[in-house]
Amino acid sequence: AQSVTQPDIHITVSEGASLELRCNYSYGATPYLFWYVQSPGQGLQLLLKYFSGDTLVQGIKGFEAEFKRSQSSFNLRKPSVHWSDAAEYFCAVVPRRGNKLVFGAGTILRVKS
Amino acid sequence: DAGVIQSPRHEVTEMGQEVTLRCKPISGHNSLFWYRQTMMRGLELLIYFNNNVPIDDSGMPEDRFSAKMPNASFSTLKIQPSEPRDSAVYFCASSPGQGAQNEQFFGPGTRLTVL
């Protein structure tokens with residue numbers, strides 16, 4: 001079945017530490033790939049997206065993501081986390097022949113000082 | 001630009017009442033999306049408009065839900081009659097161009113509670 005999986009429901013990291021949030025997808029053809037962030041009580045904001053080309057994608061707020069076709073993954077990374085990064089992060093896809101943005105379940109990031 | 005505007009931000013109503021949620025997309029955007037977010041089901045697309053025309057409403061749960069986009073600057077999502085299981089946060093998003101692969105700009109959401 002087609003799906004987007006974020007295996008970690010919660011992640012806690014110390015401020016200044018590196019971060020990696022995992023995302024795996026299951027689609028016949030590589031879909032369009034996205035990461036969105038939702039701060040408490042807010043709507044979602046796009047961090048970055050991948051359609052094709054360079055597999056390392058730079059986004060806003062110092063985030064990057066790497067597309068790995070062999071692993072059907074699109075993991076989000078940040079080298080040094082700030083307290084303001086505490087939020088919920090959603091991996092999302094649009095199938096190549098679809099017109100819906102399909103979201104993963106989300107990963108809640110907590111940052112401890 | 002003010003971004004996507006949704007009203008009301010919070011709505012508390014009783015079962016059986018009609019609820020209308022409103023959305024003003026970003027000027028110049030011609031795609032509009034309604035999503036519902038719940039703990040159990042996560043974020044789900046309810047309906048997608050392009051140039052004011054509904055393109056995909058397969059996510060609308062049942063006939064109690066209806067959405068309209070009478071012009072490029074306004075959309076409504078109506079629930080009639082409302083039920084407690086409709087309690088959720090409802091987001092409106094807009095994007096330039098056609099298709100869900102364009103960046104979607106989300107409003108702050110309407111938190112609906114049906115008692």
Side-chain angles (χ1 to χ4, degrees), chain A residues 1-10 21 23 25 27 29-53 57-61 63 65 67 74 87-108, chain B residues 1-10 21 23-26 29-51 53-60 88-111:
Chain A
Q2 297 180 331
S3 65
V4 182
T5 303
Q6 293 181 248
D8 304 305
I9 298 175
H10 297 98
L21 303 181
C23 175
Y25 60 89
Y27 286 81
T30 301
Y32 301 109
L33 298 162
F34 306 81
W35 275 98
Y36 279 82
V37 60
Q38 184 179 24
S39 298
Q42 302 296 316
L44 283 75
Q45 181 183 22
L46 180 67
L47 288 175
L48 47 77
K49 61 186 178 184
Y50 175 79
F51 287 6
S52 63
V57 181
Q58 300 299 318
I60 62 171
K61 304 185 180 187
F63 286 91
F67 166 64
F74 188 56
E88 188 161 15
Y89 291 80
F90 293 92
C91 181
V93 307
V94 174
R96 291 282 169 165
R97 296 193 176 202
N99 61 6
K100 287 187 180 182
L101 187 59
V102 179
F103 288 91
T107 298
I108 296 173
Chain B
D1 198 314
V4 175
I5 299 172
Q6 291 186 246
S7 64
R9 292 293 310 274
H10 301 273
L21 311 182
C23 175
K24 177 178 169 56
I26 293 173
H29 285 188
N30 53 11
S31 290
L32 184 139
F33 308 82
W34 282 100
Y35 292 90
R36 179 173 66 177
Q37 184 178 37
T38 61
M39 290 290 292
M40 291 297 294
R41 300 175 67 89
L43 272 159
E44 303 173 282
L45 177 68
L46 299 177
I47 187 168
Y48 156 41
F49 291 89
N50 182 252
N51 292 327
V53 176
I55 302 299
D56 186 340
D57 65 355
S58 60
M60 295 287 266
V89 180
Y90 291 82
F91 288 102
C92 175
S94 69
S95 75
Q98 182 176 357
Q101 71 274 17
N102 296 296
E103 178 178 357
Q104 296 184 26
F105 294 80
F106 283 75
T110 295
R111 181 173 296 276

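The chains referred to below are lettered A, B, ... by the order of the sequence lines, with proteins before strands, and numbering in each begins at 1.
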Can you find a pair of side-chain heavy atoms, one from Leu45(B) and one from Phe103(A), that are under 4.5 Å apart? no

Is Leu43(B) in contact with chain A via its backbone, its side chain, both, or neither, using a 4.5 Å heavy-atom distance? both

Ignoring hydrogens and angles, tell me if any N or O in the side chain of Asn51(B) forms a donor-acceptor pair with the backbone of Val53(B) under 3.5 Å. no

For the pair Gln6(A) (side chain) and Tyr89(A) (backbone), establish whether a donor and an acceptor sit closer than 3.5 Å, ignoring hydrogens and angles. yes

Sort Glu44(B) into side chain, backbone, both or neither according to what part of it lies under 4.5 angstrom from a heavy atom of chain A. neither

So for Arg9(B), is it side chain, backbone, both, or neither that comes closer than 4.5 Å to the heavy atoms of chain A? side chain

Close side-chain approach of Val57(A) and Phe67(A), heavy atoms under 4.5 Å: no

Side-chain contact, heavy-atom cut-off 4.5 Å: Tyr27(A) with Val93(A)? yes

Residues in side chain to side chain contact (heavy atoms under 4.5 Å, CB included) contact with Asn50(B), at least two apart in sequence or another chain: Asn30(B), Ser31(B), Tyr48(B), Ile55(B), Gln98(B)

Among residues 32-41 of chain A, which residues come closer than 4.5 Å to chain B, judged by heavy atom distances? Tyr32(A), Phe34(A), Tyr36(A), Gln38(A), Gly41(A)

Minimum side-chain heavy-atom gap Val102(A)-Gln2(A) below 4.5 Å: no

